[in-house]
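Below you'll find the structure, written out as structure tokens, and then a few comments.
As the structure is a computational prediction, the values presented were derived from the model and not from experiment. All ligand and atom numbering here is 1-based and tracks the order in the structure.
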Amino acid sequence: MTIRILAFCGSNRRGSFNQQLLKLAAQGAVDTGAEVKIVQLAEFELPIYDGDEELQHGLPKGVIALQELFAQHDGFLIATPEYNGGYTALLKNVIDWISRPQNNGILGTALFTGKVAALVSASPGLLGGLRSQMSMRTVLDKLGVLVIPNSFALSSAHTAFDDEGHLRDITAQRQVLAVGAALTQAAMKLGV
Ligand SMILES: Cc1cc2nc3c(=O)[nH]c(=O)nc-3n(C[C@H](O)[C@H](O)[C@H](O)COP(=O)(O)O)c2cc1C
């Protein structure tokens with residue numbers, strides 16, 4: 001059975017360190033046999049969640065498209081940047097929208113429940129965005145996602161990558177690839 005993993009990042013910034021780290025972790029999953037789709041959240045219409053808007057106009061097209069993608073995948077690889085000690089509003093907005101009831105009447109939360117996820121983060125700071133991982137774990141836990149213990153937080157991200165997008169530190173490079181690999185293996189073992 002092929003494991004399908006959806007990979008996304010909480011920063012739409014051009015040159016995002018988290019986007020770069022996500023690509024590496026995704027490669028680790030591909031190397032262990034997973035099918036990985038990296039989506040750019042910037043490509044989806046995602047207004048800030050508003051219950052009145054939802055009531056009047058239903059789900060925005062971008063949310064419906066993301067719900068379909070979530071339905072098609074067994075696990076999530078998430079790069080979670082840290083803003084003021086937590087994860088970004090972009091990620092929370094995506095999760096909140098997707099959790100809303102789908103147009104087929106099924107709860108959006110069902111798109112998370114029983115699936116697996118792995119987290120990576122990158123920051124120019126010393127903790128590498130680790131605090132954002134903690135708060136993201138809490139949210140995913142509430143949604144019934146099993147977040148595997150394997151993770152990676154890249155500190156000094158502004159000097160960590162070479163021109164080809166690899167980490168200069170070979171041990172760190174291996175560790176990031178290992179996160180993607182561990183996610184594939186966990187999904188296989190759980191039979192999600
Ligand atoms: C509003 C804001 C708050 C931030 N707060 C933190 C923080 O609490 N901890 C941290 O390590 N970096 C913080 N940063 C720096 C980000 O880690 C840095 O901008 C990083 O490059 C963002 O990820 P990206 O490269 O994927 O866009 C903050 C940046 C912004 C814009």
Would you call the rings of W97 and Y49 parallel, tilted or perpendicular, where under 30° means parallel and over 60° means perpendicular? perpendicular
Basic-acidic side-chain contact under 4.0 Å: E35, R4: no
Look at K92 together with D96 and state whether they make a salt bridge at an N to O cut-off of under 4.0 Å. yes
Under 4.0 Å from any heavy atom of N18, which atoms of ligand 1 are there? 23 (O), 24 (P), 26 (O)
Taking atom 20 (C) of ligand 1 as the reference point, the nearest protein heavy atom with its distance: P124 CD, 3.8 Å
Nearest protein heavy-atom contact for atom 5 (N) of ligand 1: which residue, which atom, what distance? N84 N, 2.8 Å
What protein heavy atom sits nearest atom 7 (C) of ligand 1, and how far away is it? E82 OE2, 3.4 Å
Donor-acceptor check, side chain of K23 to backbone of G165, threshold 3.5 angstrom: yes or no? no
Apply the side-chain contact (heavy atoms from CB on, under 4.5 Å) test between L167 and each candidate in Q175, Q20, R174, Q173; give the one that qualifies. Q173
So which protein heavy atom does atom 31 (C) of ligand 1 come closest to, and at what separation? Y83 CE1, 3.8 Å
Go through it in stages, so that I can follow the logic: the residues are L77 and L6, the test is side-chain contact (heavy atoms from CB on, under 4.5 Å), and I'd like the CA-CA distance, side-chain angles, deciding distance and then a yes or no. CA-CA 6 Å; L77 182 57; L6 190 67; over 6 Å; no
Tell me whether S123 has any N or O atom under 3.5 angstrom from an N or O of ligand 1. yes
Ignoring angles and geometry beyond distance, decide whether F17 reaches within less than 3.5 Å of ligand 1 through its nitrogen or oxygen atoms. yes
For atom 27 (O) of ligand 1, grab the closest protein heavy atom and report residue, atom and distance to one decimal in Å. S11 OG, 2.7 Å
Salt bridge or not for R168 and D162, using N-O below 4.0 Å? no
Atom 24 (P) of ligand 1 protein-contacted (non-hydrogen atom, under 4.0 angstrom): yes
Please identify which atoms of ligand 1 are closer than 4.0 Å to at least one heavy atom of R13. 21 (O), 24 (P), 25 (O), 27 (O)
Using a 3.5 Å distance criterion without hydrogens, assess whether the side chain of N93 forms a donor-acceptor pair with backbone atoms of P47. yes
Examine C9 against ligand 1 and note whether any of their N/O atoms are separated by less than 3.5 Å. no
Please find out if less than 6.0 Å separates the ring center of F44 from that of F8. no
Check contact between L127 and ligand 1, using heavy atoms of the residue and a distance below 4.0 angstrom. no
Can you list the ligand 1 atoms lying under 4.0 Å from a non-hydrogen atom of P81? 23 (O)
Among protein heavy atoms, which lies nearest atom 26 (O) of ligand 1, and at what distance? S16 OG, 2.5 Å
What about Q19: any of its N or O atoms under 3.5 Å from an N or O on ligand 1? no
Establish, from distance only, whether the side-chain atoms of S121 and Q133 form a donor-acceptor pair under 3.5 Å. yes
